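Keep in mind it's a predicted model, so treat the numbers as computed, not measured. Just so you know, these numbers use all the heavy atoms, side chains as well, and skip hydrogens, waters and symmetry mates. Just so you know, ligand 1 is whichever comes first in the structure, and atom 1 is the first atom listed for that ligand.
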Amino acid sequence: MIKPIMRNELLLGMPSEPATEQDVPIGQDLLDTLAAHADSCVGMAANMIGVRKRIIVFDNNGTPELMFNPEIMHASNRFKTEEGCLSLVGVRPCERFRKIHVTYQDASFVRHERSFSGFTAQIIQHEIDHCNGIVI
Ligand SMILES: [Zn+2]
């Protein structure tokens with residue numbers, strides 16, 4: 001279900017709790033809400049639809065992907081950039097890594113480890129920051 005976008009920076013600044021299998025339907029809400037904003041948004045975290053659970057969705061070169069409890073295990077090649085956010089107006093400077101190694105659980109709560117690079121890696125870092133209550 002498409003959900004309204006949270007824009008309250010105080011609430012966006014609070015860290016999210018670990019997701020459990022009971023939170024799997026929230027993943028579908030995130031996929032639906034991202035699809036509804038595909039013209040202006042490449043990723044979302046659950047707190048952007050008002051749910052403080054560690055769930056993210058992102059566009060991986062045209063394919064939407066969902067992660068539960070994502071964690072960055074390793075990051076390399078730091079660079080300076082600027083980003084926007086559906087919950088904010090305008091863009092802000094930030095630092096990201098070009099390559100990351102991530103662990104997460106899928107919608108069946110099976111654990112995965114994968115590496116990402118480039119823009120997809122940047123989106124994942126932005127969304128994991130949201131899970132930690134960090135807004136660019
Ligand atoms: Zn954002």
Side-chain angles (χ1 to χ4, degrees):
M1 194 183 296
I2 299 168
K3 299 287 186 180
I5 303 301
M6 160 77 67
R7 297 178 197 278
N8 182 321
E9 284 202 49
L10 200 68
L11 291 174
L12 289 170
M14 297 169 74
S16 294
E17 310 268 317
T20 69
E21 289 184 86
Q22 291 174 344
D23 299 318
V24 167
I26 299 163
Q28 188 60 51
D29 290 343
L30 276 175
L31 288 167
D32 295 344
T33 308
L34 179 68
H37 294 278
D39 58 333
S40 58
C41 183
V42 288
M44 296 185 67
N47 64 347
M48 291 175 67
I49 56 169
V51 181
R52 282 178 41 222
K53 296 288 180 140
R54 301 183 69 88
I55 310 168
I56 67 170
V57 67
F58 58 95
D59 179 284
N60 186 6
N61 296 311
T63 304
E65 288 205 40
L66 199 52
M67 289 181 174
F68 293 80
N69 301 310
E71 300 282 348
I72 294 173
M73 309 307 287
H74 182 75
S76 60
N77 294 17
R78 188 192 293 261
F79 67 105
K80 287 187 198 299
T81 184
E82 56 182 30
E83 294 176 355
C85 177
L86 195 57
S87 287
L88 303 173
V89 175
V91 295
R92 296 181 182 181
C94 61
E95 288 193 354
R96 298 293 181 204
F97 295 91
R98 293 197 195 280
K99 290 185 176 182
I100 55 171
H101 191 69
V102 183
T103 66
Y104 65 97
Q105 288 153 300
D106 64 21
S108 303
F109 268 71
V110 175
R111 193 174 177 80
H112 298 269
E113 265 191 45
R114 278 164 73 192
S115 292
F116 295 89
S117 60
F119 191 46
T120 304
Q122 187 177 350
I123 303 166
I124 293 169
Q125 289 167 80
H126 178 111
E127 305 313 335
I128 290 178
D129 271 1
H130 273 299
C131 294
N132 293 325
I134 298 166
V135 186
I136 40 161

- Message: Between N47 (side chain only) and S16 (backbone N and O only), is there a donor and an acceptor less than 3.5 Å apart?
- Response: no
- Message: Which label fits F58 and F116: parallel for a plane angle under 30°, tilted from 30 to 60°, or perpendicular past 60°?
- Response: perpendicular
- Message: Return the NE2 to CG distance between H130 and L86, rounded to the nearest 0.5 Å.
- Response: 8.5 Å
- May I ask you to check if R114 and Y104 form a cation-pi contact, with NZ or CZ under 6.0 angstrom from the six-membered ring centre and within 45° of the axis? no
- Query: Any chance the side chains of D129 and Q125 put a donor and an acceptor closer than 3.5 Å?
  - Reply: no
- Item | For the Zn ion (ligand 1), every protein N/O/S atom that sits closer than 2.8 Å, waters excluded | C85 SG, H126 NE2, H130 NE2
- Item | Under-4.0 Å salt bridge between K80 and E95 | yes
